[in-house]
Amino acid sequence: ILAATASPGTREDQIKSVAKELNIGFLHFTKKSDVLLQPYAVDLEVTTHYLELPEELRMIIQPIQQQYQQEVDSLQRLGFLAPVQFVSSKHLDQAQQRASRAIAHRDVRAYDAARKIADLRRILMVLNLLQTQGMGSTKLFLDRADEEQSDERKTSRFIRLPFILQLRQSLDDCEEFHPKFSAMKQLIRSAFELNPDGKVILFTEFRDTVDLLAQEFSND
């Protein structure tokens, strides 16, 4: 079986994980500059559109950001999280390793730290969805976590945290505030006005966004 992809992953551990899950026996990487790819190379013109989040969405995001900062400050005071301004997945992995070592040495603080690290991972995911994908994708993510909570006690506890309950209520009561959908539709309309016979491909980061986009177009 031969398979090809333009996006195997951005880190070595991600690529190895994919290889392991798919039982891949051999990997071959080819750069864009390789002679074999030159006949198929194309020039890409990238235009970036910066979108300002509306005040309504900022108000929904604010309590999540406050909870995020509280968890970060607490973990940094405990000494499990590096004193950095922007927390990445790498920093959380390192914090988890510190907590695991501390638990092995029966440090009672480490149990609370491990819980906070798990919460922080999920908070970052929620923030990322709200800021980049919109309220619909966030709601689908939390609804799915709620459905799966019976199999995961940590997820069950997180779903029932007060700020998450408040967020889910807001998502149920409000329409979509994220400007990405309307901006996307306007760009597509403009593209077809310039070239009625043209074609458009939309790429998204999350599968939930695909479902929402399909629904958005079906209603347009």
Side-chain angles (χ1 to χ4, degrees), residues 2-19 21-22 24 27-62 64-65 68 84-93 120-141 171 174-220:
L2 174 65
T5 177
S7 53
T10 57
R11 302 196 312 267
E12 182 179 352
D13 61 316
Q14 292 175 332
I15 297 173
K16 287 183 176 179
S17 175
V18 173
E21 291 295 327
L22 298 180
I24 294 174
L27 293 171
H28 175 74
F29 296 92
T30 304
K31 296 181 179 180
K32 186 191 299 185
S33 57
D34 193 283
V35 176
L36 290 173
L37 294 183
Q38 284 303 304
Y40 311 101
V42 295
D43 293 327
L44 296 178
E45 180 181 345
V46 179
T47 302
T48 304
H49 298 267
Y50 294 97
L51 302 177
E52 189 75 20
L53 295 181
E55 184 62 27
E56 296 88 345
L57 184 54
R58 290 179 182 272
M59 291 178 62
I60 292 174
I61 291 174
Q62 185 179 19
I64 314 301
Q65 290 176 323
Y68 159 82
V84 295
Q85 184 176 1
F86 301 103
V87 178
S88 67
S89 58
K90 180 180 179 180
H91 295 131
L92 290 178
D93 290 341
L120 196 53
R121 290 185 188 277
R122 295 185 175 92
I123 292 173
L124 281 173
M125 181 63 179
V126 170
L127 280 174
N128 180 39
L129 288 171
L130 283 171
Q131 293 170 340
T132 69
Q133 306 299 309
M135 300 166 63
S137 292
T138 308
K139 183 180 185 304
L140 290 174
F141 169 76
L171 296 177
C174 299
E175 59 183 11
E176 180 63 71
F177 291 135
H178 203 287
K180 180 179 287 187
F181 291 94
S182 58
M184 172 207 63
K185 288 198 289 186
Q186 182 57 47
L187 287 171
I188 292 175
R189 288 194 188 100
S190 299
F192 282 120
E193 288 174 359
L194 292 174
N195 184 9
D197 296 325
K199 295 181 179 180
V200 172
I201 300 178
L202 295 177
F203 293 90
T204 71
E205 187 176 358
F206 297 98
R207 185 178 300 175
D208 286 337
T209 308
V210 176
D211 296 333
L212 293 172
L213 286 172
Q215 181 180 348
E216 191 76 18
F217 280 114
S218 65
N219 295 332
D220 192 4

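The figures here come from the full heavy-atom set of this structure, side chains too, leaving out hydrogens, waters and symmetry mates.
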Within-4.5 Å side-chain heavy-atom neighbours: [X] and [Y]:
X: C174; Y: M135; answer: yes
X: I15; Y: F29; answer: yes
X: I188; Y: L202; answer: yes
X: K16; Y: L27; answer: no

Value rounded to 0.5 Å, distance of [atom1] in [X] from [atom2] in [Y]:
X: L130; Y: F141; atom1: CG; atom2: CZ; answer: 10.5 Å
X: R11; Y: K90; atom1: CZ; atom2: NZ; answer: 9.5 Å
X: R122; Y: L120; atom1: CZ; atom2: CG; answer: 11.0 Å
X: E56; Y: H178; atom1: CD; atom2: NE2; answer: 13.0 Å
X: L127; Y: M125; atom1: CG; atom2: CE; answer: 11.0 Å

Shortest non-hydrogen contact from [X] to [Y]?
X: V87; Y: L124; answer: O-CD1, 4.3 Å
X: L53; Y: P179; answer: CD2-CD, 4.2 Å
X: G198; Y: F192; answer: O-CE2, 3.2 Å
X: K180; Y: L51; answer: CA-CD1, 3.6 Å
X: T138; Y: G134; answer: OG1-O, 2.8 Å

Side-chain donor/acceptor of S190 to backbone N/O of Q186, under 3.5 Å:
yes
With distance as the sole test, does E176 use its side chain to make a donor-acceptor pair with the main-chain N or O of G136 at under 3.5 Å?
yes
Counting only heavy atoms not in E55, do more than 12 sit closer than 6.0 Å to its CD atom?
yes
For M59, does the CE atom have more than 12 heavy-atom neighbours from other residues, nucleotides or ligands under 6.0 Å away?
no
Without placing hydrogens or testing angles, list every side-chain donor-acceptor pair under 3.5 Å for residues 203-214, not counting sequence neighbours.
from	atom 1	to	atom 2	distance (Å)
T204	OG1	F206	O	3.2
D208	OD1	R144	NH1	3.3
D208	OD2	R144	NH1	3.3
D208	OD2	R144	NH2	2.9
T209	OG1	Q133	OE1	2.7
T209	OG1	S137	OG	3.2

Name all pairs fulfilling the side-chain hydrogen bond (donor to acceptor under 3.5 Å, both in side chains) condition that reach into residues 34-53, sequence neighbours left out, sorted by first residue then second.
E52-R58
